Undergrad: 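Let me give you the structure first, and then I'll get to my questions.
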Amino acid sequence: MSNERLKSLRSKDLVGIAPLEPGEIQLILDTAEELLDIARRPIKKVPTLRGRTVVNLFMEPSTRTRFSFEVAEKRLSADTLNFSASGSSVSKGETLIDTARNLMAMAPDFIVMRHPNSGAPHRLASMVEASIINAGDGINEHPTQALLDAFTMRRHLGRLEGLAVTIAGDIRHSRVARSNAYLLGKMGATVRFAAPASLMPLHAETLGVEVHHRLESALEGADVVMMLRIQRERQGNMNFPSLREYFDFFGLTPERLELAKPEALVMHPGPINRGVEIDSAVADGSRSVILDQVTNGVAIRMAILYLLSGGHGEPTPAS
Amino acid sequence: MATKQNNSGLVQILDRAAMKRTIDRMAAEIVERDGGDVVLVGIHTRGVPLAERLARVIEASAGQKVRSGRLDITLYRDDVGPWRPAHEQPLLKETFLPDSIDGEVLYLVDDVLFTGRTVRAALDTLMDYGRPRAVRLAVLVDRGHRELPVAADVVGRKVPTSRDEDIRVRFAEIDGVDGVWIGRETADVE
């Protein structure tokens, strides 16, 4: 990563990891490092986004991502409005574009958006002046999750370059896996996907990852083991015979974890399903950084809000 | 480096030795006023080496350890966000303060006092970390042109300037050389 140090992001939006340069990723991670401190202060708030408005537009259920964004927004003193699919005009048949036009009439500075359709934030970003931050779109990307994962790895292991990162579980339905594959690839880490064939995306190799159909081979010598939840809500027919059989072959047990490096990190974007993809002893074990991921997520989201709030396009006259 | 600055129209007003004498005198004034039991907090970027040097001088004369810290005021600036014309947000730097600043006599330390806006931001930042008994201000150069009602308690050197002149303070720790320059720079070195 010999890029000259960047001082700003190139786009007004964060729609995904795919369009980012390594220097932009590094800028976000470095900024988050300094923002972590705010959570340790007696007054956990800075005035930076005073008078700015953030709309949290969540068209899919989410607890932790929405909470994490809200905490980040509030720690930067932004005003927040929450808009969710149920109990809103969306359930009355309004289209995404019409919803967005109505929101824009209220002049928000940011729209944090989760949507079941891949590409929805990209579409909105081209239509509105506000900065769009993708909080997960369909099975496409979840950029802030990948950034907080990378931030957690860098804080614990000191680097990203050269790491072997195993991502195992329901990769086919996982935007987290895709965003992580993009990000870690750009930063010089090796990504291994491990899943039964029915949960592996077609042509996974085109993402530049190693494809494994057995967890054991993917775990060997890994620096990081990231387990993904079985997304029961996205499975039409079950893609494996039973949850118990899935755990027998793909669950992360203390014995299987022995295959990874002794200091390997155990990560999970949550919510975890104990006894399905991960054994409780591992989830609560000494190598688990699952709760650090939650803390780090707030700092990453603050960093993105901060960096995107600089103003874009034509310079506005200083008053 | 010094040659380059001479070429660009800057005149040196403090050399290394004069800068050292000035810092020594500032340290003496702090001790005279509050004794050695003070916390010195440097404002990024060049307040940081100044605070560290003041702390060392006070330690040598008062014979006790002086606590120092570093303050990043970026998130409290009044030109970040909608008022800021540029595309770029300033890079964040580390804030490091002693465990508690409650009840302490705390000196904010900066290289140059100009509009006073940095000091306003620094005061707001500090108040979110604790409640010092007193906050004072020590600067190496006071160049005038205040835009807020701010005054320094300890001033190394008062330098009358016109608004469009630059004051460049250099510290060996950051810039490889000690000294203060005044003038108009043709090309922006920062």
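Residue numbers start from 1 in every chain, and the chains themselves are labelled A, B, ... in the order their sequence lines are given, proteins ahead of strands. For clarity, every value in this text was computed on a predicted model and none was experimentally measured.
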Undergrad: So does Glu32(B) have more than 12 non-hydrogen atoms from other groups sitting under 6.0 Å from CD?
TA: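 For Glu32(B), atom CD is not crowded (no more than 12 foreign heavy atoms under 6.0 Å).
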Undergrad: Which residue in the set Leu92(B), Thr74(B), Thr95(B) passes side-chain contact (heavy atoms from CB on, under 4.5 Å) when paired with Glu34(A)?
TA: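 Filter result, single survivor: Leu92(B).
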Undergrad: Does atom CD of Glu173(B) have more than 12 heavy-atom neighbours from other groups under 6.0 Å away?
TA: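 Yes.
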Undergrad: Determine whether Asp37(A) and Phe96(B) make a side-chain contact, defined as any pair of heavy atoms from C-beta on separated by less than 4.5 Å.
TA: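 Not in contact.
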Undergrad: Apply salt bridge (charged side-chain N to carboxylate O under 4.0 Å, His left out) to Asp128(B) and Lys45(A), showing your working.
TA: CA-CA 8 Å; Asp128(B) 283 355; Lys45(A) 199 176 184 74; over 6 Å; no
Undergrad: For Leu27(A) and Leu91(B): C-alpha separation, side-chain torsions, deciding distance, then whether side-chain contact (heavy atoms from CB on, under 4.5 Å) applies.
TA: CA-CA 9 Å; Leu27(A) 173 66; Leu91(B) 292 176; 3.4 Å; yes
Undergrad: Could you tell me the separation between the CG atom of Leu75(B) and the CG atom of Leu35(A), rounded to the nearest 0.5 Å?
TA: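 Answer rounded to 0.5 Å: 6.0 Å.
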Undergrad: For Gln89(B) and Ser309(A), test the side chains for any donor-to-acceptor distance below 3.5 angstrom and give the result as yes or no.
TA: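 Yes.
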Undergrad: If I take atom CZ from residue Arg40(A) and atom OH from residue Tyr129(B), how far apart are they, to the nearest 0.5 angstrom?
TA: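 It comes to 9.5 Å.
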Undergrad: Would you say that more than 12 heavy atoms from the other residues, nucleotides or ligands in this model lie under 6.0 Å from the CZ of Arg41(A), or not?
TA: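 Enclosed.
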Undergrad: Counting only heavy atoms from other residues, nucleotides and ligands, does the tally under 6.0 Å from NZ of Lys20(B) exceed 12?
TA: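 Not buried by this count: 12 neighbours or fewer within 6.0 Å.
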Undergrad: Take atom CZ in Arg33(B); do more than 12 heavy atoms of anything else shown fall under 6.0 Å from it?
TA: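 Atom CZ in Arg33(B) is packed in, count exceeds 12.
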Undergrad: Could you tell me whether Arg131(B) atom CZ has more than 12 heavy atoms of other residues or ligands within 6.0 Å of it?
TA: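 No, not enclosed.
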